[in-house]
Amino acid sequence: MKKEQIVDVLETIATLLELQEENPFKIRAYTNAARSIEAWGGNLRELAEENRLQEIPGVGKAIAGKISELVLTGESTFFAELRSKFPPGILELFGLPGLGAKKIKALYEKLQVGSIADLKKACEMGRVAELPGFGKTTQDKLIATISNRAKHVGSFQLGAVAAEAEELLDDLRQHPGATQVSSAGSYRRRKEIVRDLDFIVATQAPEAITEFFVGHALVESVSARGATKTSVRLHSGIQADLRVVSTAEYPFA
DNA sequence: TCGACGGCGCATTTCT
DNA sequence: AGAAATGCGCC
DNA sequence: GTCGA
């Protein structure tokens with residue numbers, strides 16, 4: 001697993017620990033470690049193999065162990081278990097202004113709110129205003145925020161997805177079965193806001209390319225898989241479409 | 001092995 | 001009205 | 001959880 005992803009896992013761990021009201025210093029320890037690793041130029045895998053992860057400031061025995069597990073296996077038992085205690089969508093809630101760990105915990109425990117969609121429903125039913133610490137003002141504001149936010153759902157700033165797009169492009173080009181690889185759509189046109197990524201690959205081995213694509217490290221989930229077009233969701237949340245065409249018809253795609 | 005790890009002020013909202 | 005809680009930004 | 005005394 002790559003450095004950025006590991007940093008992301010550590011940050012997520014910190015967030016989830018907040019939700020279960022862990023020792024604030026422990027929470028900060030994870031945040032610190034994440035920041036520290038981010039700033040670390042070196043190669044994590046090397047460091048892990050030599051058992052020298054603790055040379056990174058803020059990384060001690062416990063976190064070093066989790067990092068090696070992540071580097072080696074791509075998973076962390078601890079993280080998986082922690083994550084399983086909460087619905088996946090609960091992290092979305094931290095993006096809403098005015099909501100922090102305490103409030104989110106209350107929403108989750110008393111109203112089983114586990115996502116922004118859940119929260120919207122709860123607000124519309126007037127349940128949120130019933131909770132201690134919440135009121136009508138808050139409830140209305142949340143509805144407004146969520147509605148406003150919906151306008152931008154599914155769109156991303158170019159800079160936010162460029163790295164993923166380029167990495168995917170590079171890796172596709174590197175695949176022996178791909179004769180031509182290019183991007184299309186709004187990303188190719190470098191529009192400031194992109195809704196999804198489009199890739200076109202010319203190949204004599206469509207099946208292999210598709211397989212490679214859906215199995216790529218950046219891919220979060222596969223939403224549709226067909227002979228000529230495949231759609232996936234990347235870790236950043238953006239949708240990416242892959243079109244595979246025969247080498248002969250590539251110029252027209 | 002054991003204590004420290006940042007703290008304060010402001011804004012908003014709710015509680016009493 | 002004043003106190004308290006929560007979230008947030010700043011030094 | 002990590003660091004330093």
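Because the structure is a prediction, the values reported are computed rather than measured.
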Please tabulate, for the side chains in residues 3-10 of chain A, all donor-acceptor contacts under 3.5 angstrom to protein atoms that are two or more places apart in sequence or on a different chain.
from: Lys3(A); atom 1: NZ; to: Trp40(A); atom 2: O; distance (Å): 2.7
from: Gln5(A); atom 1: OE1; to: Lys2(A); atom 2: N; distance (Å): 3.1

Whole-Å gap separating C1' (dG3(B)) and CG (Asn23(A)) | 13 Å

For Lys136(A) and dC15(B), give me the distance from atom NZ to atom P, rounded to whole Å.
-> 14 Å

Give the intermediate values and the outcome of side-chain contact (heavy atoms from CB on, under 4.5 Å) for residues Asp198(A) and Tyr187(A).
-> CA-CA 7 Å; Asp198(A) 298 293; Tyr187(A) 176 72; over 6 Å; no

Residue that, paired with Ile209(A), satisfies side-chain contact (heavy atoms from CB on, under 4.5 Å) out of Val244(A), Val181(A), Val214(A), Thr230(A) = Val244(A)

Sequence neighbours excluded, which residues qualify as side chain to side chain contact (heavy atoms under 4.5 Å, CB included) partners of Gln204(A)?
-> Thr247(A)

To the nearest angstrom, the CZ-C1' distance between Phe25(A) and dG3(B) comes to 11 Å

Contact under 4.0 Å: Thr137(A) side-chain N or O vs dT12(B) OP1/OP2 = no

Taking the side chain as every heavy atom from C-beta outward, state whether His216(A) and Glu167(A) have any atom pair closer than 4.5 Å.
-> yes

Between atom NZ in Lys105(A) and atom C1' in dG7(C), what is the gap in whole Å?
-> 17 Å

Residues passing the side chain to side chain contact (heavy atoms under 4.5 Å, CB included) test with Thr73(A), sequence neighbours excluded, are Glu69(A), Glu75(A)

Select base, sugar-phosphate, or nothing to describe what Ala101(A) touches, counting heavy atoms under 4.0 Å on all strands.
-> sugar-phosphate

Non-neighbouring partners of Glu109(A) that pass side chain to side chain contact (heavy atoms under 4.5 Å, CB included), sequence neighbours left out | Lys105(A)

Rounded to the nearest Å, what distance is computed from the CG atom of residue Leu107(A) to the P atom of nucleotide dT6(C)?
-> 13 Å

Check nucleotides 8-11 of chain C against the protein and report each pair of N or O atoms closer than 3.5 Å, with its distance, or say if there are none.
from: dC8(C); atom 1: OP1; to: Gly98(A); atom 2: N; distance (Å): 3.3

Report, one pair per line, the protein and nucleotides 3-5 of chain D atoms (nitrogen or oxygen only) whose separation is under 3.5 Å.
from: dC3(D); atom 1: OP1; to: Gly58(A); atom 2: N; distance (Å): 2.8

Under the side-chain hydrogen bond (donor to acceptor under 3.5 Å, both in side chains) rule, collect the residues that match up with Thr137(A), sequence neighbours excluded.
-> none

Whole angstrom value for the distance that separates P of dG7(C) from CG of Leu19(A) | 11 Å

Mind calculating the distance between CD1 (Ile27(A)) and P (dA4(B)) to the nearest angstrom?
-> 19 Å

For Lys136(A), side-chain hydrogen bond (donor to acceptor under 3.5 Å, both in side chains) partners two or more places apart | Asp140(A)

Those residues at least two apart in sequence (or on a different chain) that pass side-chain hydrogen bond (donor to acceptor under 3.5 Å, both in side chains) with Arg173(A) are none

Would you tell me if any nitrogen or oxygen in the side chain of Lys102(A) comes within less than 4.0 Å of OP1 or OP2 on dT6(C)?
-> yes

Just to confirm, is there a sub-4.0 Å distance from OP1 or OP2 of dT14(B) to any side-chain nitrogen or oxygen of Thr138(A)?
-> yes

Here the distance between atom C1' of dG7(C) and atom CZ of Phe134(A), to the nearest Å, is 12 Å

Quick note, Tyr30(A) side chain, CB onward, closest among dG7(C), dC15(B), dG1(D) is dG1(D)

When you measure from the side chain of Pro132(A), which nucleotide among dG1(D), dG7(C), dC15(B) comes out closest?
-> dC15(B)

Who pairs with His175(A) by ring-ring contact (aromatic ring centres under 6.0 Å, His included), at least two apart in sequence or on another chain?
-> Phe212(A)

Going by number, which of residues 63-73 of chain A have a non-hydrogen atom under 4.0 Å from DNA chain D?
-> Ile63(A), Lys66(A)

State which residues pass side-chain hydrogen bond (donor to acceptor under 3.5 Å, both in side chains) with Ser223(A); sequence neighbours excluded, sorted by chain then number.
-> none

